[in-house]
Protein chains: 2
Amino acid sequence: MQREPQAFDRVLSSMCTTPHPVAREAAERFLATNPGDPGTYPTISDLEAEAIDLLGEVAGLDDPAGYVASGGTEANIQAVRIARERARVTTATTETPTVVMPESGHFSFQKAANVLGVDLELVPTDDDHRVDLEAIRACVDKTTAMVVGVAGTTEYGRVDPIPELGEIAQSVDALLHVDAAWGGFVLPFTDHAWHFDHAPVDTMAIDPHKMGQAAVPAGGLLVRDETLLDELAVNTPYLESTSQATLTGTRSGAGVASAVAAMTELWPDGYREQYERSQANAEWLAAELAALGYNVVEPELPLVAADIPTATFEALREAGWRISRTGSGELRVVCMPHVTRTQLESFVAALDALESEPEPRTTQ
Amino acid sequence: MQREPQAFDRVLSSMCTTPHPVAREAAERFLATNPGDPGTYPTISDLEAEAIDLLGEVAGLDDPAGYVASGGTEANIQAVRIARERARVTTATTETPTVVMPESGHFSFQKAANVLGVDLELVPTDDDHRVDLEAIRACVDKTTAMVVGVAGTTEYGRVDPIPELGEIAQSVDALLHVDAAWGGFVLPFTDHAWHFDHAPVDTMAIDPHKMGQAAVPAGGLLVRDETLLDELAVNTPYLESTSQATLTGTRSGAGVASAVAAMTELWPDGYREQYERSQANAEWLAAELAALGYNVVEPELPLVAADIPTATFEALREAGWRISRTGSGELRVVCMPHVTRTQLESFVAALDALESEPEPRTTQ
């Protein structure tokens, strides 16, 4: 096979990144292991327990439980599954359980609702793209199995008011799930209230393979209480372990080992330094785009959205820039660890050159 | 991180194996790519299309559709999901769709049934561990959304009569799913009728990361007709692609690239040679165990089951042998590519030594 993966020097749209060197080394070393079969692969199974302990430190959870998932989608699906099972047990109603979520929530919850047969109720966000608490209050009722808060939204990097969502969830005996799949490794260095120690969070998605600089696949599902995982367990007749709470069966030891390696190396100082670099890059880019006359959504976390013309967006993509759009069409740049100031300077120069041309559809 | 993955020299229980060198090299090269985001990572997305074409060749399917899943569990869950969605569309009944499966089917179907809210009906197997066709006929009815056949069972390596199951499925307008997750890369070199060209198979699980010698995670879901994948699609607002049919979101480019590398290198001659080696090893082990006086289930595919005393089994595990048991307690040895004759000779010697001791619970 002669093809090479594309270089990362123009990738501004990904929520994944180049793994940290220690994470890459660990992934390569544990490529042929399967934490889904702990009786056969005990070392990687022990490493997974370490990964969960480290994730607990990041997310403010003493005595954490959970597992290393394939990514945020699996973690979100499994959290909804826990809530569905719990609703079946604790309510006498036969109505379909509902999940109440701001419209800024990730599309994986649409997938979860389809797969699991629950109803997803989307609630509007406010002018700054955070959930509207009054709308959530008006939406929850006795059928609500789970309230979702997002700590670092996919499109604008916004953090919902998690403690208030926790109060609302408790008022109807629903679980509170926090989707911090992307935000979880930058939020510890901000003033936001987002984690298990800040609010009555029951379950959380927090992905080492995004801002945590581990290799794909290394997502994280954390649960406050180990009994919540029991809702997911199925028997495993031919494995020497007795049950399995994951959604997938065979799993990647590479992801698990690289998550432990990255977190051991970088938590907390390395992650803090990366957050500061990424956030400074985002603020620099936002200021440059504003200076060029575009409407910019202020980067609360290292993610910038700005309203640029469609033709310009498409010309930049044709020129090789990997960029993406929000649902309402704005340019969206994620300042991941691989995104440098130099790269952003080239991007702004390319954008400026296109916009200065008489015919912006023509690329150079 | 100082820990090392355990060596493979005593691993006899795994359905995964050490990746082929070309698969390992490709996995390492594509570690930082995500086929779940084709707009950002186009090269790996193209490679995934190649992987599906190659899987189609292995499984007798012209113009194949499907994707590289995290493993057999995901492929099985997604196949059941397709059947559930199709049953909703094509039947007027509001009854819960059912999946009819031999009791030899993998436990991932229990997981699928729980997740997806379908009823799983287990049908007995015959004395040689294959599905009882009469029992299947008696079980299917208008609520049946899918009939499952196993081409290489997890516990005994048995192949169900797939063409006959196809006829039964068609008789009630149900889909036929074949679980060839483990068997798919050895069955082409046998006389079994198991694939799309042998029978009206609709969907199939076939995993490159098992007998295909790719790196984890590289499972495969194949569907006869691309429209079956549409049942799985959800919209993806912020990705430059428009919909996603996979169960997970972010996916491992390493798995995809290594699957293409392994299949390009090994299909068909390399796989045939490996099948012949593995099958000869299984037959040798079966003969040795029979000579020692144990009841042995004849290895139709490279998997040996034998009735050895529990104390002996446990002493072998304590001595470091990674072995597992069938649901009824038999020793189960999977002759994967990493399992050599020398390794099996050591294993038989260890077993023989234990059994010759006056107190078999004492390990040496």
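Labels below follow one simple rule: chain letters A, B, ... track the order of the sequence lines, proteins then strands, and each chain is numbered from 1.
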Strictly less than 4.5 Å between heavy atoms, which residues of residues 213-221 of chain A line up against chain B? Please order them by number.
A/Ala215, A/Val216, A/Pro217
At a heavy-atom separation under 4.5 Å, does B/Thr246 approach chain A through its side chain, its backbone, both, or neither?
both
Side chain, backbone, both or neither of B/Ser108 within contact of chain A (heavy atoms, under 4.5 Å):
neither
Using non-hydrogen atoms only, which part of A/His338 is less than 4.5 Å away from chain B: side chain, backbone, both, or neither?
neither
Where on B/Glu155 is there a heavy atom nearer than 4.5 Å to chain A: the side chain, the backbone, both, or neither?
side chain
Without swapping roles, check the side chain of A/Arg317 against the backbone of B/Gly39 for a donor-acceptor pair under 3.5 Å.
yes
Contact winner vs chain B - A/Glu74, A/Gln110, A/Lys111, heavy-atom pairs under 4.5 Å
A/Lys111
To the nearest 0.5 Å, what is the distance between OH on B/Tyr41 and OG on A/Ser13?
7.0 Å
From OG (A/Ser258) to CG (B/Leu31), nearest 0.5 Å:
7.5 Å
Assert top hit (heavy-atom pairs under 4.5 Å, partner chain B, pool A/Pro19, A/Pro42, A/Ala112, A/Ala233) equals A/Pro42
Contact class of B/Arg325 relative to chain A, heavy atoms under 4.5 angstrom
both
With respect to chain B, which residue among A/Thr73, A/Asp207, A/Thr33 yields the maximal number of heavy-atom pairs within a distance under 4.5 Å?
A/Thr73
B/Phe8 portion near chain A, given a 4.5 angstrom heavy-atom threshold:
side chain
Chain B interface, residue from A/Thr18, A/Ile44, A/Val11, A/Asn114 that has the most non-hydrogen pairs under 4.5 Å:
A/Asn114
Does any heavy atom of chain B fall under 4.5 Å from the side chain of A/Ile77, the backbone, both, or neither of them?
side chain
Whether the side chain of B/Arg251 engages the backbone of A/Gly71 through a donor-acceptor N/O pair (distance < 3.5 Å, no angle test) should be reported.
no
